[in-house]
Amino acid sequence: MNIAIRKIGNSEGIIIPKEVLDRMGLKAGDNVNLAEEAGQLVLKPIDDDFARQLEHAERFMDKYKVALKKLAE
């Protein structure tokens, strides 16, 4: 499938066809991760629940880092 990079305001972007979004279970407003892999651009859906849980875990670990370090000894 060939698509063009288009001017969107002060940026550039692509329009992802609806049928592709439907197959991937994505909709407007969903977050995706963009990565470069072996010279290719790869979009991967982000599990918002997992991302939110990971953010909470990181805050917990930062808040209690001294206690967690003691427990690890």
J.: Salt bridge (charged side-chain N to carboxylate O under 4.0 Å, His left out) with Glu36: which residues, sequence neighbours excluded?
T.: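 Listed in chain order: nothing, the list is empty.
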J.: Under the side chain to side chain contact (heavy atoms under 4.5 Å, CB included) rule, collect the residues that match up with Asn31, sequence neighbours excluded.
T.: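 If we apply the side chain to side chain contact (heavy atoms under 4.5 Å, CB included) test to Asn31, skipping adjacent residues, the hits are Ile46, Asp48.
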J.: Go through the structure and list residues passing side-chain hydrogen bond (donor to acceptor under 3.5 Å, both in side chains) with Lys69, not counting sequence neighbours.
T.: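 side-chain hydrogen bond (donor to acceptor under 3.5 Å, both in side chains) list for Lys69, sorted by chain: empty.
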J.: Which residues, ordered by chain and number, are linked to Val32 in its hydrophobic cluster, where ILVMFWY side chains connect at heavy-atom gaps below 4.5 Å, directly or through other members?
T.: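 The other cluster members (ILVMFWY side chains, heavy atoms under 4.5 Å, direct or chained) are Met1, Ile3, Ile5, Ile14, Ile16, Val20, Leu21, Met24, Leu26, Leu34, Leu41, Leu43.
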J.: With rounding to the nearest 0.5 angstrom, report the CD to CZ distance, Glu12 to Arg6.
T.: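 If we round to the nearest 0.5 Å, Glu12:CD and Arg6:CZ are 13.0 Å apart.
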J.: Could you list the residues that satisfy salt bridge (charged side-chain N to carboxylate O under 4.0 Å, His left out) with Lys63, not counting sequence neighbours?
T.: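 Expected list: none.
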J.: Run the side-chain hydrogen bond (donor to acceptor under 3.5 Å, both in side chains) test against Arg23 and tell me which residues pass, sequence neighbours left out.
T.: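 Checked Arg23 against side-chain hydrogen bond (donor to acceptor under 3.5 Å, both in side chains); zero matches.
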J.: Report the residues that fulfil side-chain hydrogen bond (donor to acceptor under 3.5 Å, both in side chains) with Asn33, sequence neighbours left out, ordered by chain and then residue number.
T.: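 Asn33 satisfies side-chain hydrogen bond (donor to acceptor under 3.5 Å, both in side chains) with no residue once adjacent residues are dropped.
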J.: Who are the side chain to side chain contact (heavy atoms under 4.5 Å, CB included) partners of Lys44, not counting sequence neighbours?
T.: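 Lys44 satisfies side chain to side chain contact (heavy atoms under 4.5 Å, CB included) with Glu37, Val42 only.
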J.: Is Asp62 salt-bridged to Arg59, cutoff N-O under 4.0 Å?
T.: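 So Asp62 does not pair with Arg59 through a salt bridge.
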J.: Please list, chain by chain and in numerical order, all residues satisfying salt bridge (charged side-chain N to carboxylate O under 4.0 Å, His left out) with Glu19, sequence neighbours excluded.
T.: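 Not a single residue meets the salt bridge (charged side-chain N to carboxylate O under 4.0 Å, His left out) criterion with Glu19.
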J.: May I ask you to list the residues sharing a hydrophobic cluster with Ile15, side-chain cutoff 4.5 Å, ordered by chain and number?
T.: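 None; Ile15 is a cluster of one.
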J.: Any chance NZ of Lys65 has more than 12 other-residue heavy atoms, nucleotides or ligands included, within less than 6.0 Å?
T.: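 No, NZ of Lys65 has 12 or fewer neighbouring heavy atoms, counting only those of other groups under 6.0 Å.
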J.: Go through the structure and list residues passing salt bridge (charged side-chain N to carboxylate O under 4.0 Å, His left out) with Lys27, not counting sequence neighbours.
T.: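 Once residues adjacent in sequence are excluded, the partners of Lys27 under the salt bridge (charged side-chain N to carboxylate O under 4.0 Å, His left out) criterion are Asp30.
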